[in-house]
Amino acid sequence: MHRLFFHWTPHHRKLKGIVQALHLSHHTDPRNPDKILIRPTYSLPISALVLGGFYAVTGSLFSASALLWGVWLGFLYYEWVHYRLHLSTAARGSLKYQRGWHFFHHFVDQENCFGVTSPLWDLVFGTYRRINF
Ligand SMILES: [Zn+2]
Ligand SMILES: [Zn+2]
């Protein structure tokens, strides 16, 4: 999603504004806390779409809601790690490696190292780059 949607440059002016607000503004101002976390004006409609998709697949509002809670928990972890990468000075443990990959994406090569919490999908999609920590 980071690679295909957040770095997408659509020709449609409104779509371009949405992508800009969701992610590219974070690239131009990476230490601004207001641009690190997703805003409810975007997360709530996206959550409604995801809930609808889960409901279409499961046919159960209970199952769809449970799956959405799982997505939210994973996304909260992602947001917490992303926030810490930019605004914390801690440089030990997993944060050291996550920051190395994420700052490589921010400040060296925006076409690689899209993973924030893990390099797993970069390894799968060939966008992983070895970083010297
Ligand atoms: Zn990015
Ligand atoms: Zn970032």
Side-chain angles (χ1 to χ4, degrees):
M1 193 165 162
H2 182 179
R3 179 183 181 193
L4 298 177
F5 184 69
F6 291 153
H7 283 263
W8 179 40
T9 50
H11 294 294
H12 191 277
R13 194 169 50 88
K14 281 195 172 184
L15 270 178
K16 196 173 190 171
I18 290 171
V19 173
Q20 177 71 29
L22 280 171
H23 186 69
L24 297 178
S25 65
H26 168 59
H27 269 273
T28 57
D29 193 6
R31 288 193 55 86
N32 182 341
D34 291 337
K35 295 179 179 176
I36 295 173
L37 304 176
I38 192 166
R39 294 174 185 204
T41 49
Y42 293 106
S43 62
L44 291 176
I46 291 169
S47 292
L49 289 173
V50 171
L51 180 65
F54 286 153
Y55 182 73
V57 171
T58 64
S60 159
L61 191 55
F62 179 81
S63 297
S65 300
L67 288 168
L68 185 63
W69 271 104
V71 169
W72 277 345
L73 288 175
F75 193 71
L76 283 173
Y77 173 69
Y78 168 91
E79 290 281 76
W80 177 68
V81 168
H82 192 204
Y83 194 86
R84 286 194 70 203
L85 293 179
H86 284 283
L87 299 179
S88 143
T89 55
R92 292 182 297 149
S94 62
L95 205 60
K96 172 183 171 184
Y97 297 99
Q98 292 164 326
R99 181 176 289 128
W101 287 309
H102 190 59
F103 281 15
F104 182 84
H105 170 73
H106 264 282
F107 306 115
V108 179
D109 181 1
Q110 291 187 17
E111 300 301 316
N112 289 294
C113 293
F114 292 94
V116 172
T117 57
S118 157
L120 174 66
W121 295 112
D122 286 312
L123 288 163
V124 171
F125 293 116
T127 53
Y128 175 82
R129 294 296 174 267
R130 183 177 293 278
I131 312 284
N132 292 324
F133 293 100

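Sequential numbering from 1 along the given sequence is applied to the chain's residues. Every number for a ligand or one of its atoms is a count from 1 in the order of the listing. None of these values were measured; they are calculated from a predicted model.
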**Pair His7 + Phe114: ring centers closer than 6.0 Å** = yes

**Message:** Check the orientation of Trp72 and Trp69. Use parallel for under 30°, tilted for 30 to 60°, and perpendicular for over 60°.
**Reply:** perpendicular

**Item:** CH2-CG distance between Trp8 and Leu22, expressed to the nearest 0.5 angstrom
**Value:** 11.0 Å

**Prompt:** Between His82 and His26, how do the two ring planes meet: parallel, tilted or perpendicular, split at 30° and 60°?
**Reply:** perpendicular

**Whether Phe6 and His23 hold their rings parallel, tilted or perpendicular, with breakpoints at 30° and 60°** = parallel

**Message:** Could you identify the N, O or S atom of His2 positioned closest to the Zn ion (ligand 1)?
**Reply:** NE2

**Message:** So, with waters excluded, how many protein N/O/S atoms does the Zn ion (ligand 2) have closer than 2.8 Å?
**Reply:** 5

**Request:** Could you tell me whether a side-chain N or O of Arg99 sits under 3.5 Å from a main-chain N or O of Arg84, the two making a donor and an acceptor?
**Result:** yes

